[in-house]
There are 2 protein chains.
Amino acid sequence: MARYQVGIETKARIIEATRSLLAEGGLDATTLKAICDRAKVRSGSFYNLFGSKEDAIIHVVRESIRAVDPDPDRVGTDTVDDLVDAYSRFLQEEPEMARVYVIAALAGESTGDSARRQFLRHHMRRVERFGDAMQRSDPSLTPEAAHVEAELLLGALDGLAFRWALDQTFDFPKYALLARERFN
Amino acid sequence: MARYQVGIETKARIIEATRSLLAEGGLDATTLKAICDRAKVRSGSFYNLFGSKEDAIIHVVRESIRAVDPDPDRVGTDTVDDLVDAYSRFLQEEPEMARVYVIAALAGESTGDSARRQFLRHHMRRVERFGDAMQRSDPSLTPEAAHVEAELLLGALDGLAFRWALDQTFDFPKYALLARERFN
DNA sequence: ACCTAATTTGAGTATACACTCAAGTTTGAG
DNA sequence: CTCAAACTTGAGTGTATACTCAAATTAGGT
(Lines give C-alpha, C1' and ligand atoms only; values in the text may rest on other atoms or scores of the structure.)
Protein backbone atom coordinates (compact mmCIF):
# COMPACT_ATOMS: atom_id res chain seq x y z
CA MET A 1 0.00 0.00 0.00
CA ALA A 2 2.20 2.81 1.27
CA ARG A 3 5.56 1.75 -0.02
CA TYR A 4 7.27 5.03 -0.65
CA GLN A 5 8.80 6.77 2.32
CA VAL A 6 6.66 9.84 1.74
CA GLY A 7 3.52 7.72 1.88
CA ILE A 8 4.54 6.17 5.18
CA GLU A 9 5.15 9.60 6.63
CA THR A 10 1.82 10.88 5.38
CA LYS A 11 0.06 7.94 6.96
CA ALA A 12 1.80 8.64 10.26
CA ARG A 13 0.74 12.29 10.08
CA ILE A 14 -2.87 11.31 9.45
CA ILE A 15 -2.85 8.86 12.36
CA GLU A 16 -1.36 11.43 14.70
CA ALA A 17 -3.90 14.04 13.59
CA THR A 18 -6.73 11.58 14.17
CA ARG A 19 -5.33 10.57 17.55
CA SER A 20 -5.01 14.10 18.83
CA LEU A 21 -8.44 15.14 17.55
CA LEU A 22 -10.09 12.15 19.23
CA ALA A 23 -8.26 12.83 22.47
CA GLU A 24 -9.19 16.52 22.46
CA GLY A 25 -12.76 16.53 21.28
CA GLY A 26 -14.03 13.01 20.79
CA LEU A 27 -15.78 11.68 17.75
CA ASP A 28 -17.70 14.87 17.00
CA ALA A 29 -14.53 16.86 16.58
CA THR A 30 -12.91 14.25 14.39
CA THR A 31 -14.28 15.15 10.98
CA LEU A 32 -12.49 14.31 7.77
CA LYS A 33 -11.82 17.97 7.17
CA ALA A 34 -10.30 18.40 10.63
CA ILE A 35 -8.08 15.37 10.17
CA CYS A 36 -6.89 16.54 6.74
CA ASP A 37 -6.29 20.11 7.88
CA ARG A 38 -4.23 18.99 10.84
CA ALA A 39 -2.29 16.41 8.84
CA LYS A 40 -1.67 18.94 6.04
CA VAL A 41 -3.15 16.63 3.48
CA ARG A 42 -5.99 16.84 0.94
CA SER A 43 -8.86 14.43 1.24
CA GLY A 44 -7.84 12.43 -1.83
CA SER A 45 -4.57 11.58 -0.14
CA PHE A 46 -6.39 10.39 2.92
CA TYR A 47 -8.44 7.99 0.82
CA ASN A 48 -5.33 6.79 -0.94
CA LEU A 49 -4.14 5.46 2.42
CA PHE A 50 -7.34 4.61 4.32
CA GLY A 51 -10.52 3.00 3.11
CA SER A 52 -12.70 5.21 5.24
CA LYS A 53 -12.65 7.65 8.10
CA GLU A 54 -13.69 4.90 10.45
CA ASP A 55 -10.67 2.81 9.47
CA ALA A 56 -8.41 5.53 10.75
CA ILE A 57 -10.41 5.93 13.96
CA ILE A 58 -10.41 2.23 14.75
CA HIS A 59 -6.70 2.06 14.04
CA VAL A 60 -6.08 4.85 16.54
CA VAL A 61 -8.32 3.44 19.25
CA ARG A 62 -6.67 0.04 19.10
CA GLU A 63 -3.24 1.60 19.09
CA SER A 64 -3.93 3.67 22.17
CA ILE A 65 -5.26 0.68 24.07
CA ARG A 66 -2.15 -1.26 23.19
CA ALA A 67 -0.07 1.65 24.43
CA VAL A 68 -1.12 0.99 28.05
CA ASP A 69 -0.90 -2.78 27.84
CA PRO A 70 1.35 -4.07 30.66
CA ASP A 71 2.59 -6.94 28.45
CA PRO A 72 2.12 -6.05 24.81
CA ASP A 73 4.35 -8.86 23.60
CA ARG A 74 2.47 -11.52 25.54
CA VAL A 75 5.43 -12.77 27.48
CA GLY A 76 2.91 -13.97 30.02
CA THR A 77 4.24 -12.34 33.17
CA ASP A 78 1.40 -9.93 33.82
CA THR A 79 -0.73 -10.34 36.93
CA VAL A 80 -4.41 -9.57 37.31
CA ASP A 81 -3.44 -6.48 39.26
CA ASP A 82 -1.23 -5.35 36.39
CA LEU A 83 -4.16 -5.70 34.02
CA VAL A 84 -6.53 -3.84 36.32
CA ASP A 85 -3.94 -1.11 36.79
CA ALA A 86 -3.52 -0.83 33.06
CA TYR A 87 -7.27 -0.40 32.72
CA SER A 88 -7.32 2.36 35.33
CA ARG A 89 -4.40 4.02 33.65
CA PHE A 90 -6.08 3.96 30.27
CA LEU A 91 -9.12 5.75 31.69
CA GLN A 92 -6.98 8.30 33.43
CA GLU A 93 -4.67 9.02 30.53
CA GLU A 94 -7.12 8.72 27.65
CA PRO A 95 -10.56 9.58 29.00
CA GLU A 96 -11.96 10.72 25.69
CA MET A 97 -10.58 7.67 23.92
CA ALA A 98 -12.45 5.36 26.27
CA ARG A 99 -15.74 6.99 25.29
CA VAL A 100 -14.81 6.78 21.63
CA TYR A 101 -14.10 3.08 22.08
CA VAL A 102 -17.54 2.34 23.47
CA ILE A 103 -19.41 4.44 20.97
CA ALA A 104 -17.49 3.00 18.03
CA ALA A 105 -18.19 -0.49 19.30
CA LEU A 106 -21.91 0.08 19.71
CA ALA A 107 -22.71 2.47 16.91
CA GLY A 108 -21.91 -0.08 14.21
CA GLU A 109 -25.25 0.29 12.45
CA SER A 110 -23.72 2.40 9.72
CA THR A 111 -20.69 0.16 9.28
CA GLY A 112 -22.56 -3.06 8.97
CA ASP A 113 -20.92 -4.66 11.95
CA SER A 114 -17.36 -5.25 10.88
CA ALA A 115 -16.32 -2.75 13.51
CA ARG A 116 -18.31 -4.57 16.14
CA ARG A 117 -16.64 -7.85 15.26
CA GLN A 118 -13.29 -6.19 15.59
CA PHE A 119 -14.10 -4.93 19.06
CA LEU A 120 -15.44 -8.34 20.01
CA ARG A 121 -12.17 -9.97 18.95
CA HIS A 122 -10.31 -7.45 21.01
CA HIS A 123 -12.53 -8.18 23.99
CA MET A 124 -11.95 -11.93 23.65
CA ARG A 125 -8.22 -11.42 23.65
CA ARG A 126 -8.48 -9.43 26.84
CA VAL A 127 -10.65 -12.07 28.47
CA GLU A 128 -7.97 -14.60 27.62
CA ARG A 129 -5.31 -12.38 29.14
CA PHE A 130 -7.25 -11.97 32.36
CA GLY A 131 -8.04 -15.68 32.47
CA ASP A 132 -4.41 -16.65 31.96
CA ALA A 133 -3.28 -14.29 34.69
CA MET A 134 -5.91 -15.69 37.03
CA GLN A 135 -4.71 -19.22 36.38
CA ARG A 136 -1.11 -18.24 36.99
CA SER A 137 -2.03 -16.86 40.40
CA ASP A 138 -4.25 -19.83 41.23
CA PRO A 139 -3.22 -22.98 39.32
CA SER A 140 -6.14 -24.96 40.75
CA LEU A 141 -8.51 -22.90 38.59
CA THR A 142 -9.76 -24.75 35.52
CA PRO A 143 -9.52 -22.94 32.19
CA GLU A 144 -13.31 -22.83 31.95
CA ALA A 145 -13.72 -21.33 35.41
CA ALA A 146 -10.97 -18.85 34.69
CA HIS A 147 -12.75 -17.79 31.53
CA VAL A 148 -15.99 -17.16 33.41
CA GLU A 149 -14.21 -15.22 36.13
CA ALA A 150 -12.39 -13.18 33.51
CA GLU A 151 -15.64 -12.28 31.73
CA LEU A 152 -17.12 -11.22 35.05
CA LEU A 153 -14.19 -9.07 36.08
CA LEU A 154 -13.80 -7.45 32.69
CA GLY A 155 -17.55 -6.88 32.58
CA ALA A 156 -17.42 -5.19 35.95
CA LEU A 157 -14.52 -3.00 34.86
CA ASP A 158 -16.32 -2.01 31.66
CA GLY A 159 -19.46 -1.13 33.58
CA LEU A 160 -17.56 0.86 36.18
CA ALA A 161 -15.79 2.68 33.35
CA PHE A 162 -19.17 3.59 31.92
CA ARG A 163 -20.16 4.84 35.35
CA TRP A 164 -17.03 6.91 35.46
CA ALA A 165 -17.72 8.34 32.01
CA LEU A 166 -21.05 9.63 33.31
CA ASP A 167 -19.36 11.38 36.20
CA GLN A 168 -15.63 11.74 36.44
CA THR A 169 -15.71 12.31 40.17
CA PHE A 170 -16.48 8.59 40.49
CA ASP A 171 -13.50 6.85 42.07
CA PHE A 172 -12.90 4.24 39.41
CA PRO A 173 -9.63 2.79 40.76
CA LYS A 174 -11.20 2.15 44.15
CA TYR A 175 -14.19 0.30 42.73
CA ALA A 176 -12.00 -1.53 40.23
CA LEU A 177 -9.98 -2.95 43.10
CA LEU A 178 -13.12 -3.95 44.98
CA ALA A 179 -14.37 -5.75 41.90
CA ARG A 180 -11.00 -7.40 41.48
CA GLU A 181 -11.18 -8.77 45.03
CA ARG A 182 -14.49 -10.47 44.23
CA PHE A 183 -13.18 -12.44 41.28
CA ASN A 184 -10.26 -14.78 40.97
CA MET B 1 -47.45 23.58 26.64
CA ALA B 2 -49.78 21.05 25.00
CA ARG B 3 -53.10 22.06 26.41
CA TYR B 4 -55.47 21.22 23.61
CA GLN B 5 -56.49 17.61 23.26
CA VAL B 6 -55.19 17.53 19.70
CA GLY B 7 -51.76 18.63 20.88
CA ILE B 8 -51.62 15.88 23.48
CA GLU B 9 -52.50 13.33 20.84
CA THR B 10 -49.88 14.67 18.46
CA LYS B 11 -47.27 14.44 21.16
CA ALA B 12 -48.24 10.83 21.83
CA ARG B 13 -47.97 10.04 18.12
CA ILE B 14 -44.53 11.57 17.93
CA ILE B 15 -43.36 9.64 20.98
CA GLU B 16 -44.70 6.39 19.60
CA ALA B 17 -43.07 7.04 16.23
CA THR B 18 -39.75 7.77 17.94
CA ARG B 19 -40.06 4.70 20.13
CA SER B 20 -40.73 2.32 17.27
CA LEU B 21 -37.99 3.80 15.10
CA LEU B 22 -35.44 3.48 17.89
CA ALA B 23 -36.51 -0.09 18.58
CA GLU B 24 -36.34 -1.07 14.92
CA GLY B 25 -33.24 0.65 13.68
CA GLY B 26 -31.48 2.45 16.51
CA LEU B 27 -30.30 6.03 16.47
CA ASP B 28 -29.28 6.06 12.82
CA ALA B 29 -32.79 5.25 11.67
CA THR B 30 -34.34 7.83 13.93
CA THR B 31 -34.06 10.97 11.85
CA LEU B 32 -36.38 13.91 12.22
CA LYS B 33 -37.87 13.20 8.83
CA ALA B 34 -38.55 9.56 9.73
CA ILE B 35 -40.19 10.56 13.00
CA CYS B 36 -42.37 13.17 11.31
CA ASP B 37 -43.37 10.88 8.46
CA ARG B 38 -44.38 8.10 10.81
CA ALA B 39 -46.20 10.44 13.17
CA LYS B 40 -47.98 12.15 10.24
CA VAL B 41 -46.73 15.53 11.31
CA ARG B 42 -44.70 18.31 9.71
CA SER B 43 -41.44 19.32 11.31
CA GLY B 44 -42.80 22.62 12.60
CA SER B 45 -45.32 20.75 14.68
CA PHE B 46 -42.60 18.59 16.14
CA TYR B 47 -40.71 21.66 17.28
CA ASN B 48 -43.86 23.14 18.74
CA LEU B 49 -43.91 20.22 21.16
CA PHE B 50 -40.24 19.27 21.64
CA GLY B 51 -37.22 21.48 21.99
CA SER B 52 -35.05 19.17 19.94
CA LYS B 53 -34.87 15.71 18.44
CA GLU B 54 -32.79 14.58 21.36
CA ASP B 55 -35.49 15.63 23.82
CA ALA B 56 -37.85 13.16 22.21
CA ILE B 57 -35.24 10.41 22.18
CA ILE B 58 -34.33 10.84 25.83
CA HIS B 59 -38.00 10.88 26.75
CA VAL B 60 -38.51 7.57 24.98
CA VAL B 61 -35.44 5.88 26.43
CA ARG B 62 -36.42 6.79 29.98
CA GLU B 63 -39.96 5.70 29.39
CA SER B 64 -38.95 2.29 28.10
CA ILE B 65 -36.64 1.67 31.03
CA ARG B 66 -39.44 2.54 33.40
CA ALA B 67 -41.68 0.10 31.53
CA VAL B 68 -39.69 -2.86 32.82
CA ASP B 69 -39.25 -1.54 36.34
CA PRO B 70 -40.44 -4.17 38.84
CA ASP B 71 -41.65 -1.47 41.23
CA PRO B 72 -42.24 1.76 39.33
CA ASP B 73 -44.14 3.36 42.19
CA ARG B 74 -41.37 2.71 44.71
CA VAL B 75 -43.51 0.74 47.10
CA GLY B 76 -40.25 -0.82 48.25
CA THR B 77 -41.05 -4.49 47.91
CA ASP B 78 -38.64 -5.35 45.11
CA THR B 79 -35.77 -7.71 45.77
CA VAL B 80 -32.31 -7.65 44.25
CA ASP B 81 -33.32 -10.61 42.12
CA ASP B 82 -36.34 -8.69 40.87
CA LEU B 83 -34.09 -5.84 39.84
CA VAL B 84 -31.60 -8.12 38.11
CA ASP B 85 -34.44 -9.89 36.34
CA ALA B 86 -35.83 -6.57 35.20
CA TYR B 87 -32.43 -5.70 33.79
CA SER B 88 -32.25 -8.99 31.88
CA ARG B 89 -35.76 -8.48 30.61
CA PHE B 90 -34.97 -5.00 29.38
CA LEU B 91 -32.07 -6.31 27.33
CA GLN B 92 -34.14 -9.13 25.93
CA GLU B 93 -37.19 -7.05 25.08
CA GLU B 94 -35.53 -3.83 24.00
CA PRO B 95 -32.07 -4.74 22.71
CA GLU B 96 -31.78 -1.74 20.42
CA MET B 97 -32.96 0.60 23.15
CA ALA B 98 -30.16 -0.54 25.43
CA ARG B 99 -27.57 0.46 22.85
CA VAL B 100 -29.32 3.77 22.32
CA TYR B 101 -29.20 4.37 26.04
CA VAL B 102 -25.45 3.93 26.24
CA ILE B 103 -24.70 5.97 23.15
CA ALA B 104 -26.99 8.78 24.21
CA ALA B 105 -25.36 8.82 27.62
CA LEU B 106 -21.82 8.96 26.25
CA ALA B 107 -22.21 10.97 23.07
CA GLY B 108 -23.12 14.14 24.97
CA GLU B 109 -20.51 16.28 23.25
CA SER B 110 -23.09 17.85 20.98
CA THR B 111 -25.63 18.38 23.75
CA GLY B 112 -23.31 20.04 26.15
CA ASP B 113 -23.80 17.51 28.89
CA SER B 114 -27.35 18.05 30.05
CA ALA B 115 -28.14 14.59 28.69
CA ARG B 116 -25.26 13.09 30.60
CA ARG B 117 -26.47 14.66 33.82
CA GLN B 118 -29.88 13.21 33.20
CA PHE B 119 -28.49 9.72 32.74
CA LEU B 120 -26.36 10.14 35.83
CA ARG B 121 -29.42 11.06 37.89
CA HIS B 122 -31.15 8.00 36.55
CA HIS B 123 -28.16 5.85 37.44
CA MET B 124 -28.09 7.21 40.99
CA ARG B 125 -31.73 6.38 41.44
CA ARG B 126 -31.07 2.83 40.34
CA VAL B 127 -28.12 2.52 42.70
CA GLU B 128 -30.42 3.62 45.50
CA ARG B 129 -32.99 1.02 44.50
CA PHE B 130 -30.40 -1.74 44.47
CA GLY B 131 -28.94 -0.58 47.76
CA ASP B 132 -32.35 -0.46 49.43
CA ALA B 133 -33.17 -3.95 48.23
CA MET B 134 -29.82 -5.21 49.51
CA GLN B 135 -30.48 -3.73 52.92
CA ARG B 136 -33.93 -5.25 53.05
CA SER B 137 -32.47 -8.70 52.42
CA ASP B 138 -29.61 -8.13 54.86
CA PRO B 139 -30.47 -5.57 57.54
CA SER B 140 -26.98 -5.75 59.03
CA LEU B 141 -25.64 -3.95 55.97
CA THR B 142 -24.87 -0.30 56.59
CA PRO B 143 -26.26 2.20 54.07
CA GLU B 144 -22.74 3.09 52.99
CA ALA B 145 -21.76 -0.53 52.37
CA ALA B 146 -25.02 -1.14 50.54
CA HIS B 147 -24.31 1.82 48.29
CA VAL B 148 -20.88 0.47 47.43
CA GLU B 149 -22.24 -3.00 46.74
CA ALA B 150 -25.00 -1.53 44.60
CA GLU B 151 -22.53 0.46 42.52
CA LEU B 152 -20.49 -2.70 42.02
CA LEU B 153 -23.40 -4.87 41.02
CA LEU B 154 -24.92 -2.28 38.71
CA GLY B 155 -21.50 -1.65 37.23
CA ALA B 156 -21.08 -5.35 36.56
CA LEU B 157 -24.51 -5.54 34.96
CA ASP B 158 -23.79 -2.54 32.75
CA GLY B 159 -20.50 -4.02 31.63
CA LEU B 160 -22.01 -7.43 30.93
CA ALA B 161 -24.72 -5.68 28.94
CA PHE B 162 -22.02 -4.00 26.87
CA ARG B 163 -20.46 -7.43 26.36
CA TRP B 164 -23.82 -8.73 25.23
CA ALA B 165 -24.27 -5.83 22.83
CA LEU B 166 -21.01 -6.84 21.16
CA ASP B 167 -22.21 -10.37 20.68
CA GLN B 168 -25.76 -11.39 21.34
CA THR B 169 -24.89 -15.03 21.78
CA PHE B 170 -23.38 -14.05 25.13
CA ASP B 171 -25.51 -15.51 27.91
CA PHE B 172 -26.28 -12.34 29.79
CA PRO B 173 -28.77 -13.76 32.31
CA LYS B 174 -26.30 -16.43 33.41
CA TYR B 175 -23.49 -13.97 34.01
CA ALA B 176 -25.86 -11.47 35.61
CA LEU B 177 -26.81 -14.08 38.20
CA LEU B 178 -23.17 -14.95 38.84
CA ALA B 179 -22.42 -11.29 39.39
CA ARG B 180 -25.42 -10.97 41.66
CA GLU B 181 -24.10 -13.84 43.82
CA ARG B 182 -20.85 -11.99 44.37
CA PHE B 183 -22.41 -8.83 45.76
CA ASN B 184 -24.77 -8.34 48.66
C1' DA C 1 -70.46 33.30 18.08
C1' DC C 2 -66.08 35.41 19.56
C1' DC C 3 -61.46 35.58 20.30
C1' DT C 4 -57.06 34.33 22.05
C1' DA C 5 -53.75 31.08 22.27
C1' DA C 6 -52.54 26.56 20.70
C1' DT C 7 -51.50 24.11 16.85
C1' DT C 8 -50.18 23.12 12.06
C1' DT C 9 -48.12 23.81 7.75
C1' DG C 10 -44.24 23.29 4.50
C1' DA C 11 -41.18 25.65 2.00
C1' DG C 12 -36.84 27.27 3.20
C1' DT C 13 -32.11 27.76 5.54
C1' DA C 14 -27.84 26.58 6.26
C1' DT C 15 -24.58 23.74 6.24
C1' DA C 16 -21.92 19.83 7.21
C1' DC C 17 -20.61 15.65 5.85
C1' DA C 18 -17.91 11.60 3.85
C1' DC C 19 -16.19 10.43 -0.23
C1' DT C 20 -14.64 10.51 -5.59
C1' DC C 21 -11.79 11.10 -9.52
C1' DA C 22 -9.27 12.74 -13.39
C1' DA C 23 -5.32 15.07 -13.89
C1' DG C 24 -1.01 16.19 -12.32
C1' DT C 25 3.63 15.37 -9.52
C1' DT C 26 7.05 12.69 -7.14
C1' DT C 27 9.49 8.57 -5.91
C1' DG C 28 12.89 5.17 -6.26
C1' DA C 29 14.06 0.48 -8.23
C1' DG C 30 16.56 -1.22 -12.07
C1' DC D 1 17.97 8.18 -16.66
C1' DT D 2 13.65 5.97 -17.28
C1' DC D 3 9.27 4.90 -16.24
C1' DA D 4 5.65 2.61 -13.89
C1' DA D 5 3.62 2.93 -9.78
C1' DA D 6 2.87 5.52 -5.73
C1' DC D 7 1.29 9.61 -4.25
C1' DT D 8 -1.08 14.30 -4.22
C1' DT D 9 -4.29 17.65 -5.46
C1' DG D 10 -8.76 20.08 -4.86
C1' DA D 11 -12.77 21.11 -7.01
C1' DG D 12 -16.83 18.65 -7.16
C1' DT D 13 -20.72 15.21 -5.96
C1' DG D 14 -24.44 13.88 -3.67
C1' DT D 15 -26.95 13.62 0.06
C1' DA D 16 -28.62 14.13 4.47
C1' DT D 17 -29.11 16.75 8.36
C1' DA D 18 -31.65 19.35 12.24
C1' DC D 19 -34.09 23.19 12.73
C1' DT D 20 -36.88 27.95 11.67
C1' DC D 21 -40.67 30.98 10.86
C1' DA D 22 -44.40 33.64 9.06
C1' DA D 23 -48.73 32.73 7.86
C1' DA D 24 -52.92 29.88 8.04
C1' DT D 25 -55.96 27.09 10.72
C1' DT D 26 -58.21 25.13 14.66
C1' DA D 27 -59.63 24.45 19.53
C1' DG D 28 -62.31 25.40 23.18
C1' DG D 29 -63.24 28.56 27.25
C1' DT D 30 -66.38 32.41 27.87
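We name chains A, B, ... by the order of the sequence lines, and we start the count at 1 in each one. The structure presented is a predicted model; accordingly, all values stated were derived computationally and were not measured.
Remark: P of C:dT8 and CD of B:Glu9 are 10 Å apart, rounded to the nearest angstrom. Taking atom CD1 of A:Ile57 as the reference point, atom P of C:dC17 lies 12 Å away to the nearest angstrom. Between the NZ atom of B:Lys53 and the P atom of D:dC19 there is a distance of 8 Å, rounded to whole Å. Here D:dA23 presents its P atom at 21 Å from CZ of B:Arg42, a figure rounded to the nearest Å. If you take CG of B:Asp37 and P of D:dT17, they are 11 Å apart, rounded to a whole angstrom. Rounding to whole angstrom units, OH of residue B:Tyr47 and P of D:dA18 are separated by 7 Å. The nearest whole Å value for the distance from the NZ atom in B:Lys33 to the P atom in D:dT20 is 19 Å. Distance, A:Phe46 CZ to C:dC17 C1': 13 Å, rounded to whole Å.
Each of A:Thr30 and A:Ser45 was assigned the nucleotide of DNA chain C with the nearest heavy atom; the assignment lying further toward the 5' end belongs to A:Thr30. For the pair A:Thr10 and B:Gly44, nearest-nucleotide mapping onto DNA chain D gives the more 5' position to A:Thr10. The 5' end of DNA chain C is approached more closely, in terms of each residue's nearest nucleotide, by B:Lys40 than by the other of B:Lys40 and A:Gly51.
The ring of B:His123 has its center no closer than 6.0 angstrom to the ring center of A:Phe162.
At a cut-off of 3.5 angstrom, counting only N and O atoms as typed in the model, there is no donor on one side facing an acceptor on the other between the side-chain of B:Tyr4 and the base of C:dA6. A donor-acceptor contact under 3.5 angstrom links the side-chain atoms of B:Ser43 to the base of D:dT20.
A salt bridge links B:Asp78 and B:Arg129; the closest N-O separation between the charged side-chain nitrogens and carboxylate oxygens is under 4.0 Å. Taking 4.0 Å as the cut-off between side-chain N and carboxylate O, A:Arg74 and A:Asp132 count as a salt-bridged pair.
A:Thr31 comes within 4.0 angstrom of the backbone, heavy atoms only, and of no base.
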(Q) Walk me through whether B:Ile57 and B:Leu27 qualify under side chain to side chain contact (heavy atoms under 4.5 Å, CB included). (A) CA-CA 9 Å; B:Ile57 290 175; B:Leu27 278 174; 3.8 Å; yes

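For the pair A:Lys11 and A:Phe50, the cation sits on the ring face: its NZ or CZ lies under 6.0 Å from the ring centre, inside 45° of the axis.
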